[in-house]
Amino acid sequence: MPQILIDRDLCKGCELCVNACPQKILALGQEINAKGYFFASVVEQKRCIGCRLCCITCPDVAIQMRVSGTMYHYFAY
Amino acid sequence: MPQILIDRDLCKGCELCVNACPQKILALGQEINAKGYFFASVVEQKRCIGCRLCCITCPDVAIQMRVSGTMYHYFAY
Amino acid sequence: MQNDLIIAGFGGQGVLLIGKMLAYAGMADGKEVSWLPSYGPEMRGGTCNCTVVIADRPVGSPVVERPRVAMVMNLPSLEKYEGMVKPGGLLLVNTSLISRDVQRSDLRVVKVPANEIANRLGNPRAANMVALGAYLGATRAVSLAAVEGLVRETFAGKAKVIDSNLAALQEGYALGEREAADGKAVSQEVGA
Amino acid sequence: MQNDLIIAGFGGQGVLLIGKMLAYAGMADGKEVSWLPSYGPEMRGGTCNCTVVIADRPVGSPVVERPRVAMVMNLPSLEKYEGMVKPGGLLLVNTSLISRDVQRSDLRVVKVPANEIANRLGNPRAANMVALGAYLGATRAVSLAAVEGLVRETFAGKAKVIDSNLAALQEGYALGEREAADGKAVSQEVGA
Amino acid sequence: MAKKLMKGCEAIGEAAIKAGCKLFFGYPITPQNEIPEYMAHRLPQVGGTFVQAESEVAASNMIYGAAGSGERVFTSSSSPGISLMQEGISYIAGSELPVVIVNIMRAGPGLGGILPSQSDYFQATKGGGHGDYRLLVLAPWSVQEAADLMQDAFDLADYYRNPVMVLGDGLIGQMMEPVEFKAERTPCKPLPPKAWVATGCSGDRPTNIINSLFLDPEVLERHNQKLKAKYDLMVRDEVRCASYGTDRPYEVLVVAYGTVARVCSTALDDLREDGVGAALFRPITLFPFPYAELRAAAENARAVLVVELSTGQMIEDVRLALEGSRPIHFLGRQGGMLISPEAVSERVSAISAGLPEEVRHG
Amino acid sequence: MAKKLMKGCEAIGEAAIKAGCKLFFGYPITPQNEIPEYMAHRLPQVGGTFVQAESEVAASNMIYGAAGSGERVFTSSSSPGISLMQEGISYIAGSELPVVIVNIMRAGPGLGGILPSQSDYFQATKGGGHGDYRLLVLAPWSVQEAADLMQDAFDLADYYRNPVMVLGDGLIGQMMEPVEFKAERTPCKPLPPKAWVATGCSGDRPTNIINSLFLDPEVLERHNQKLKAKYDLMVRDEVRCASYGTDRPYEVLVVAYGTVARVCSTALDDLREDGVGAALFRPITLFPFPYAELRAAAENARAVLVVELSTGQMIEDVRLALEGSRPIHFLGRQGGMLISPEAVSERVSAISAGLPEEVRHG
Amino acid sequence: MAETVVFARPQALAPVPTHYCPGCTHGVIHRLVAEVVDELGLAHRTVGIAPVGCSVLAYNYFSTDFQEAAHGRAPAVATGVKRARPDLIVFAYQGDGDLASIGMAEIVHCANRGEKITVVFVNNAIYGMTGGQMAPTTLPGQVTTTCPLGRDVSQVGYPIRVAELLATLRTPAFVARAAVHTPLHAVTAKEMLRRAFRYQAEGTCFSLVEVLSTCPTNWGMPPVEATEWVEKNMVPYYPLGVFKTPDGLDRAPRPAPATEG
Amino acid sequence: MAETVVFARPQALAPVPTHYCPGCTHGVIHRLVAEVVDELGLAHRTVGIAPVGCSVLAYNYFSTDFQEAAHGRAPAVATGVKRARPDLIVFAYQGDGDLASIGMAEIVHCANRGEKITVVFVNNAIYGMTGGQMAPTTLPGQVTTTCPLGRDVSQVGYPIRVAELLATLRTPAFVARAAVHTPLHAVTAKEMLRRAFRYQAEGTCFSLVEVLSTCPTNWGMPPVEATEWVEKNMVPYYPLGVFKTPDGLDRAPRPAPATEG
Ligand SMILES: Cc1ncc(C[n+]2csc(CCOP(=O)(O)OP(=O)(O)O)c2C)c(N)n1
Ligand SMILES: Cc1ncc(C[n+]2csc(CCOP(=O)(O)OP(=O)(O)O)c2C)c(N)n1
Ligand code: SF4
Ligand code: SF4
Ligand code: SF4
Ligand code: SF4
Ligand code: SF4
Ligand code: SF4
Ligand SMILES: [Mg+2]
Ligand SMILES: [Mg+2]
């Protein structure tokens, strides 16, 4: 099971991850963080396929991914 | 009849004309000019075919060519 | 007489614009003016500010270390400028984004819920106009009419935007006038 | 005592080399020396010169405006330096390339047919050595032996070249000694 | 013409256009980006040409070429960019070309910072490039004066066939103030015809050659002395300075240029209110420096205070002017920190209360 | 080691190698081509690296990189090339990197000529680049001294973490004189370990960053003041000067540096013979300038004569030193013309016979 | 079951927020470089050279030693470092104004000398830091503050393709162009960077990876739109791929046949 | 019969001797340029830009107005002239140290902006004026004073081929390489120069002709041998011909197929 962790204070609300997620399970929230940005969060963690596209596209390394168990990926990274 | 005129004071004795002349009718003399160079001159004017190769190759524009009558050239210049 | 103020906030809040409008209006009123922006590295995503001087005779220093007025549109600006205002000076605070109280007790404070008012008027980007209006109401530094004219020029062609900005300006003006007049602005009440 | 001289000629005549040899020999003799070349735009195809100072105490100015000695290897050099030599000084003239007479009457003049002698010795490039020899013979500024040693070093490995250069040096030396000794060198006889 | 509120950078650009300049070559750098941006927008409107150079090195050589063609031209940059132009500027001076160069100074050395500074004074006034040459250096204290001096700069450059530098700091560049351009303006110097330009030769005159190479040292020496004579003429004819408050008695004379002088003028007003007599001397031309004028103004003071946004550069010229005749104090900020009227007042008060002079020759 | 007859350029190159320098980056220019040529030949022999840079701009940035890696490195050039390095030098000073820069000056401005000159004095001593920084400037008068100062230059650079310039003219570069290198040499300053170098970080310390950017003006101001304190320390500790003939009474004090001082020393000998009392004061460090020493030496003279191969640059420092206490005369040649002992003698004689001082502030 | 971290900040990237604008892909490129440095185990002997441009503060964002170069001169500084310490891994990070405008001479000569360094060349078709002026890489018609009517190729020429230009030099090198506007492009970009650093580590050759990047702020569009702009406008003009490998082959273009013209 | 002058000094060449060394082909190139200027009738509106290099005194050798540029900056100076006075014919004459080393940024950008000027680029594989140092164009193994053991391509890379480099730029231009070591090569060189000036006169594009030239003095050989050295060593590395014409075609090299590497 992949788990996506978004650091709310690193996030700048650029929406690149939101756009990249094939499952469309990321979104910006209504709250703003310390720097004044609306930040991203996972809306529906359980539908995450662990593709890492959000992680790879985030310019601010605000997204971490953990898995329990083994995962296979379509592409090496 | 082509006539080759070499300005002894412009000549620096580089021998490029001597080398270029297909008729081998140019040569450096034994005298030196005001700048201290042995200078080129025409040894056998009458064998000149008017090809202009000496003129074209001279870096110091020391060579003039005149003709009496019409001349045809193998290449345009 | 010299009016000088520092206007400070986040990059996108339009603080440079209202500073310029003040300067323009001052000039239109026949005053001497100067407008000086911060152009530091904060530019990118950070805070920004400008200093406006409006005076009856040629402006001396365009740099004001101890302004008579500070208009702070966000918390970092309050932190930075609260201490600098001249004793007895005026502090305009955008309470929409600043929840903490003013610490100093020797200042007149005007609290302006600028974003709330702007949102209410249907143009969230007009918070700066609310604040500008409040400043004018509280100080009469330049004439409201002059600024209204500038709003019309600035947003020429976009009737809806003009209207909401004018409304914001006027609502701010009324609030500033009120706060300044009824003495509530006196800071003693605010300090801890 | 200070010996100073300017050596001047065409680019290819080896005037810088004999200047350096003098300086080296002076150093070997325990003297203080300096060698200063012209490095001007004349370099390319034109004339060149160097100034050598040989002294008993640290060399002051390496630039000598009025040298005690001038060695002129071609006509342009005579034109340039004749007027500069100190009154009573020495002028060595390469008569092989200079046909005109020396104008000044207050100089000692040594005439050296340097190219002719060098040609005769079978090494046309050794004209500079003839002139150097003549200078040494006329002035004893440094020891002949020291210079001979340098010739051997400079052309090390090329026995034939060494021999012809040594011969040129020695023939020049004899000439210089003779001219200086027999009083012929006194310029009065030369002047117009 | 009516007054307009303009940024210093824009006013400088507009002033150039008003002075008949139709060419700008330059490279972006903060805090003067508004100059090239303004020119990129405005020049095509007046039939002129804006070229963004690949670097400041190139820009300095492009203005060389354009000036050598007889056209009015300028470039602008900020400190590091001006350093890159030093070879080009030396060539321009050596070839006697009229160009205008604007330096909106920022803090250094190296990349430094982008905030205002005055630490390129030496570079501007003594010559940052090689060889004996001088720029005529004009230092405005307001946006209006920047506009005025910028126009004069073109006339001075043409008259002397010499590069003229307009030296401002980040404040001058970024600040907005009302500016007025005269509808008709007469040049501040007579403008000699440019018979020397390299624009093609039909054989009716010797070729015109724009050049600073003189292989014969005697010829180069004569050229150097000709340049020197020109600089001496500037010293005689072009000194500009202003003073403030010298009409009333003063104990302390404050010396400052550019926007710093503005700040000082406010301090002097405050000081008068507090009963401290102080006046301001403001060089407008930094080269030629108003040595005699400053010395005369200092005669009436007990001490002199030099105020600069540097660790002390103009102070050397002040020392040269005063030759030890008055104690000299220094107040400087660096790194983009500004000097406030309060800081000036404080120091003047301390001096008038008897603060001893610091050690010399830092 | 035995004495060797060497060209100044070669001696400078060999001195660098003797000082442990294994890296040279530079670009050809007359009259110092023998330096890169010597290094191209010698460095590979000692396991070092010679790189011909594509330009002086690149060279100044290559030495930056090498110095930031902790290695001893130098570059050399002549006037126009040094102008191109001004941005780089300002960065080096701002980033506090120890490098040595040799300038074998030729006549300017612009392309000028290739003969000797001293007209880059301002550039070297006041800072030709932007911002508040200084080079430590050493001016040798003989080939031996060039070799000695060149070695000291590396020590001084390392000690102060500051660029050091060895400033010679074409004569120093081209002249041959006997030179002796000590077999063992102790550094002229203690050499602190270079803990600041950027050579990779294993995480056991914070990363080392070679940098001159400080966006926060307060931080940059502190940096500026740190640099200033360093320069003040140089002023206190590093002044070098020499005098000649001051042990006997003198009426005229001649001030000159570099090879020009050599020429003056010969003139003084001649003058003594003619019964004219004159002495020579020779600054060896041009920054820090020996203000106090010069002033003291001038106390014993009636007048001062400054001799320079320029239209007058060092004369400003002489004026700063003397503050009007003695009349100051100037003898200068330009354009590659040399000053002869005769010319110096003549002027000194005239001064001692009562020649009036020229006007100030040319 | 044990939890493993599949994706996290690489060691070589300092644990600090950057000053980049929201959605600016400078951040992605930083991370890719750091990942490669980590994966190849080079961090302890890596020195970065920061440019002047938006990435000027790169020295704060990597946990390796750094030198900050003057505008455009990073290749010269890198040369100085590498020649002084050939054992170090040296990479220069440069923007398009920095590398392709003011620094053109330095990059051409550094590549041509075959300095064994790696250049990460971030092409965002604009001057980011100074507020959006025209770059040598600005596309035809693109509006910037110094070409307010759009880049007019008849006046200022076409955008320079740096990878192509450098690939024609005879000296062996690795030259490639990549992009990061989608995650899959970023994966390829990382592969290119890995090759570039590996060539350096093996002492093979000079290497340069041009990376197409966004500047939402100065392009005046939201980040997601900016990524689309890259695909639609930049990729067609700046084709992605490898332009040169250190195979020793001479790829210089030949003159046209003599009949031509 | 009337005598006619078939060959004589062109008008645009000043009637003065040059300072060039005996046999140096700078002189030939000067004459060719002057002949072309004469033949096209451009002299009265031509401005030359002299470089720093042996041809620094070119301003004395042409009977047209001239500007002397700083080392390497002739293209920038030419840009200044042409933008100020588009009606003028502007040509820059540059050596290989001048153009290909210190002036690389200026020539690339001048060509890329498409400045309507003509550059005569004299490649003699060495720094002539300063006494024979290595140039960017010095051949592999060639000895110079700064590569006393011969150019070592593993340390300093291969010679730069300027014509090829500039020909890859997208902006339309005319770029060719010619030589003058034999009279017939000089005839072709003149033809190239004629095209170059004509393109300028017609306002078509930037034009550059690289001309291989000799430096007998610093190559250390007699002039005739030097011409043979050109044929034997230079022409194989620097092929002659036309590399680019202003046909509007995009000649940029494409990336290798993805399988590559
Ligand atoms: C010598 C010099 N010239 C100009 C500048 C101003 N400057 C800073 S960054 C920059 C350009 C940045 O553009 P780019 O290299 O494309 O980087 P980006 O910001 O787009 O990442 C310029 C011109 C400078 N600092 N130094
Ligand atoms: C800024 C600067 N750097 C260096 C020089 C010295 N310099 C003069 S000519 C030259 C190179 C000449 O070589 P090239 O351009 O190939 O011309 P050539 O003499 O071979 O014709 C150099 C390095 C200079 N004058 N200015
Ligand atoms: S890993 Fe893939 S599916 Fe999961 S949140 Fe990220 S992008 Fe969406
Ligand atoms: S990509 Fe990163 S910074 Fe952007 S919204 Fe997503 S988490 Fe935030
Ligand atoms: S024209 Fe031809 S044949 Fe006659 S001399 Fe010249 S080269 Fe010889
Ligand atoms: S080519 Fe010209 S310079 Fe050379 S020898 Fe012949 S005539 Fe003389
Ligand atoms: S200005 Fe552009 S390049 Fe710079 S940080 Fe912002 S988006 Fe990125
Ligand atoms: S040095 Fe070489 S290039 Fe220069 S004039 Fe002599 S032969 Fe020609
Ligand atoms: Mg960019
Ligand atoms: Mg060459």
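Computed from a predicted model, the values in this text were never measured in an experiment. So that the names make sense, note that chain A is the first sequence line, chain B the second, and so on, each numbered from 1.
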Under a 3.5 Å threshold, yes or no: a donor from one side chain and an acceptor from the other, between E:D132 and F:Q313?
yes

With the side chain counted from C-beta on, respond yes when [X] and [Y] share a heavy-atom pair under 4.5 Å apart, and no when they do not.
X      : Y      : value
F:N224 : E:P109 : yes
F:Q123 : E:K126 : no
E:Q334 : F:Q225 : yes

The single option from F:L111, F:L84, F:V57 that satisfies side-chain contact (heavy atoms from CB on, under 4.5 Å) with E:E87 is F:L84

Interatomic spacing from CE in F:M337 to CD in E:E218 - rounded to 0.5 Å
4.5 Å

Output the distance between atom OG1 (E:T125) and atom CZ (F:F122), rounded to the nearest 0.5 Å.
8.0 Å

Taking every non-hydrogen pair under 4.5 Å, which of F:G335, F:G108, F:G336 racks up the most with chain E?
F:G335

Heavy-atom pairs under 4.5 Å with chain F are the metric here; pick the option from E:P288, E:P217, E:G81 that has the most.
E:P217

Whether E:R319 and F:E323 form a salt bridge (side-chain N of Lys/Arg under 4.0 Å from carboxylate O of Asp/Glu) is what I want to check.
no

Hits for side-chain hydrogen bond (donor to acceptor under 3.5 Å, both in side chains) against E:N211, two or more places apart or cross-chain, chain-then-number order -> H:Y59

Applying side-chain hydrogen bond (donor to acceptor under 3.5 Å, both in side chains), can you list everything that pairs with F:S78, at least two apart in sequence or on another chain?
none

If you compare all heavy atoms of F:H130 against all heavy atoms of E:S79, which two are closest, and at what distance to 0.1 Å?
CB-CB, 3.5 Å

Identify the heavy atoms of E:S212 and F:G110 that sit nearest to each other, and give their distance.
OG-CA, 3.5 Å

